[in-house]
Amino acid sequence: MVKRAGVGFYIFLIIFVFLVMFPFIWVFLTSIKPQGEIFSSFQWFSSNMTLDNYASALETRPLLMYMMNSFVVATLTTIISIIVASFTAYAVTRLPIRFKGLILGLVLAASMFPQIAVLSPIFNFVTDAGLRNSYLGLVIPYITISLPLAIWILSTFFIKIPLALEESAKLDGATPFQTFRKIIFPLAAPGVFTTAILVFIAAWNEYLFALTINTDDRWRTIPVGISFYQSQYSVPWGDITAATVIVTIPIVVLVLLFQRRIVAGLTSGSVKE
Amino acid sequence: MKQPKKRRFQLSERQLGYAMVAPSIILIAVIIIWPIMLSAWNSLFDYRLNDPAKAERISSLSINLETYADNRYLVYDTMEDVRDAMPDAGGTLDDITTALDEQHETLLNTDEGLADRYEEVNTMLDNFQPVNDEELRLVEVPEEWADGFANTLEEQTAAVQGLREGAPEEAVQPLTDLESQLSNTQGSILEPNFVGLKNYSTYLGDGRTWTAMLNTLLFTVVTVGVELAVGLAVALLINRVFIGRGLVRAAVLVPWAIPTAVAAMMWTFLFDGQSGIMAHYMAQFGLIDDPGALLSTGAGGMFSIMFADIWKTTPYMALLLLAGLQTIPRSLYEAAEVDGANKFQQFISITLPMIRSAILVAVLFRALDAFRVFDLIYVLTGGGPANSTESISVYAYKLLFEQQNFGAGSALSVIVFLSVALLSTIFIKLIGSDLFSGRLKQ
């Protein structure tokens, strides 16, 4: 912690960040090159920059529709799983119930199972229920991923709130649910928000269920939509790089705004404090 | 006055706790545990969506007329023996006969020509001829009939068991025979697409499964190993105060935050034989023979996938480990310095033990993620060339949704599930209760 940073350190840091960011930089530089230059040269900068690729990316495929779909599905998933998970995390961390270890063990096991193991029964279920190519058809399977994740992270935030607060709420005559709703939940708001961001990103990025369940182009999400830009015969790299830049921008904004919270959420529980 | 009130408060608190836990438990049971069990169940069938005869697990329920006719004859024969040995059982035996005859009539009326086929089978049996012709022997039956028939058999078996209590000694043997013949009759009802563990034996004996399994293991070991080593090195180097921390953190988080499928598309472009800059420079520096080699050879494809994964996840690993490093009290290092320990000794005896659980937790979650890898491979190489980069999840997906073979695909997904369960059990044994330490007050 107290080691001071020298010039050599900053050089290392710049190289590291450059290596990490290189694919984005290159993809961005490609996206503003004219079609002809993408295939012929490995020059970094083009002398005739153009936005043609962006126009083409938005025309050939309903990219904005994909983003809309992803946004709706990820938001619904986040809201549902945060509500359900906050109840559970609260009960497990702060209420005198039995089998806490068992419940958390179940949650942990649920967060570890491979999605492929539930894919075909959920596909059958969603098909039978007529939910293929709909938002709900994705939200239901996404709960399998987001709910255990949310419980797992939320419980680390809930347990940090001092017990004394509840005791005094109790003395003032608050019911246990009032204590949860009016004291604990607001106090844990930063943790809840952090969890919500992580759940949202997980749902936004999901590929396997989206690929299988929403096969209609109208209902595809971003990850699946992007992967369908390449056809069997031609790979329109101009379109693909432009589309990649467009869908990466919201993520970059999200990360820039909330990087501190995201790191807190990711490292919660893996580090003892 | 206060005492009972307080107790009631305690009680409702606990009830509230269970009520709050219930929705999650129900959801987990319904959309995770139940589907996993269904997968395991599906894997026992030769269950194919694209084959009408096997499109459902039970719809092609059939009866084996040979077994049925054979046992029907035996049952009636044995009932006569029972009647001789135990005259007062007559009423019950009549009931059994009536019930079986009624089911028999219903069966013969379910399909035109069934009565004739039954007669033909019966004649063959009378002449001690085996009925080898499947077309003749197997008849599809309605589920209602099969259920009713099974119920009747069960009821009649119970009736026979009832007779055995207090039966004279000479009637015990025929009654035992009758019971087993009734249950053998039930065996004539066939679910033809039930194959038991056959999907497992087929696919465990298949080279492609083992290639996929080895690819998955290789991918897991190499990526997690490199990510841990590089991530730890980076974490150690940046564990200090410097300007622009937030910016570095954000830069490092972006690869982690973008969808894997999008990252895979980016790397497909960078590795591309014609316009990919990675392929171009690797060929220029003589690392590969020609730029096309990355995505057109098995080794190149494997390298590409691993490289893309390492790029996406190492920064994340470094962040996790950095958080672990920052919890180590500075005083430990000061004390070690006073004792004359060098940097390497400090690393071995302070740093590593202090972040052991952070490392294990990070490796556990990474290894599980890596083991179920799907998006990256599916988008980047599609498992190719010639299945040489296929992971077990990709192979299972292809069986399920490209070949529509739900039985075999489920068998593979159960294998993935069991492998993951084994892997996590080993890790959790290693990590122990530390995993729960931040969540439960002991």
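Chain naming here is simple, since letters A, B, ... match the order of the sequence lines and numbering starts at 1 in each.
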Side chain / backbone / both / neither for [X] at chain A, heavy atoms under 4.5 Å:
X	result
B/Y316	side chain
B/I32	both
B/L368	side chain
B/V420	side chain
B/L27	side chain
B/T268	both
B/D272	side chain
B/F417	both
B/F406	side chain
B/L319	both
B/Y333	neither

For chain B, find which of [options] contributes the most heavy-atom pairs closer than 4.5 angstrom.
options	answer
A/T241, A/I222, A/L254, A/L208	A/L208
A/V17, A/V27, A/L147	A/L147
A/G225, A/P141, A/P114	A/P114
A/I140, A/T212, A/L106	A/T212
A/S81, A/P121, A/A243	A/P121

Side chains of [X] and [Y]: closer than 4.5 Å at any heavy-atom pair?
X	Y	value
B/I31	A/F125	no
A/L266	B/L253	yes
B/M266	A/F24	yes
A/I262	B/W256	yes
A/F16	B/L237	no
A/F177	B/M20	yes
A/P23	B/W267	yes
A/F22	B/W311	no

Distance, nearest 0.5 Å, that separates [atom1] of [X] from [atom2] of [Y]:
X	Y	atom1	atom2	result
B/L364	A/M112	CG	CE	4.0 Å
B/F374	A/I116	CZ	CD1	6.0 Å
A/I122	B/L38	CD1	CG	10.0 Å
A/I151	B/S24	CD1	OG	3.5 Å
A/I103	B/I28	CD1	CD1	9.5 Å
A/W237	B/M265	CH2	CE	5.5 Å

Return yes if some donor-acceptor pair links the side-chain N/O of [X] with the main-chain N/O of [Y] below 3.5 Å, else return no.
X	Y	answer
A/N205	B/T260	no
A/Y207	B/L376	no
A/Y10	B/I243	yes
B/S39	A/A117	yes
B/R249	A/R260	no

Given that the side chain runs from C-beta out, which part of [X] has a heavy atom under 4.5 Å from chain B: side chain, backbone, both or neither?
X	answer
A/I201	side chain
A/Y90	side chain
A/I97	both
A/V247	side chain
A/T30	side chain
A/F180	side chain

Looking at [options], which one has more heavy-atom pairs under 4.5 Å with chain A than the rest?
options	answer
B/Y397, B/F371, B/W34, B/Y281	B/Y397
B/A19, B/A264, B/G276	B/G276
B/I25, B/V234, B/V414, B/V252	B/V234
B/S393, B/P255, B/S424, B/P23	B/P255

Evaluate B/R372 against A/F113 for side-chain contact (heavy atoms from CB on, under 4.5 Å), listing each step before the verdict. CA-CA 9 Å; B/R372 53 194 176 185; A/F113 84 100; 5.6 Å; no
Walk me through whether A/F12 and B/I238 qualify under side-chain contact (heavy atoms from CB on, under 4.5 Å). CA-CA 9 Å; A/F12 163 78; B/I238 61 175; 4.2 Å; yes
Closest heavy-atom pair and its distance - [X], [Y]:
X	Y	result
B/G17	A/A91	O-CB, 3.4 Å
B/A251	A/V20	O-CG1, 3.8 Å
B/L16	A/P176	CD2-CB, 3.3 Å

Angle between ring planes, A/F123 versus B/F401, binned at 30° and 60°: parallel, tilted or perpendicular?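 The rings of A/F123 and B/F401 stand perpendicular, inter-plane angle above 60°.
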What verdict does the side-chain contact (heavy atoms from CB on, under 4.5 Å) test give for B/L322 and A/V263, after you've listed the backbone C-alpha separation in whole Å, the side-chain angles of each residue and the deciding distance to 0.1 Å? CA-CA 10 Å; B/L322 183 63; A/V263 174; over 6 Å; no
With a cut-off of 6.0 Å (strictly less than), are more than 12 heavy atoms of other residues, nucleotides or ligands near CD of B/Q274?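 Atom CD in B/Q274 is not crowded, with 12 or fewer foreign heavy atoms closer than 6.0 Å.
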Assess the residue pair B/Y378 and A/L211 against the criterion (side-chain contact (heavy atoms from CB on, under 4.5 Å)); give the C-alpha distance rounded to whole Å, side-chain angles, the decisive distance to 0.1 Å, and a yes or no. CA-CA 11 Å; B/Y378 192 75; A/L211 174 71; 3.6 Å; yes
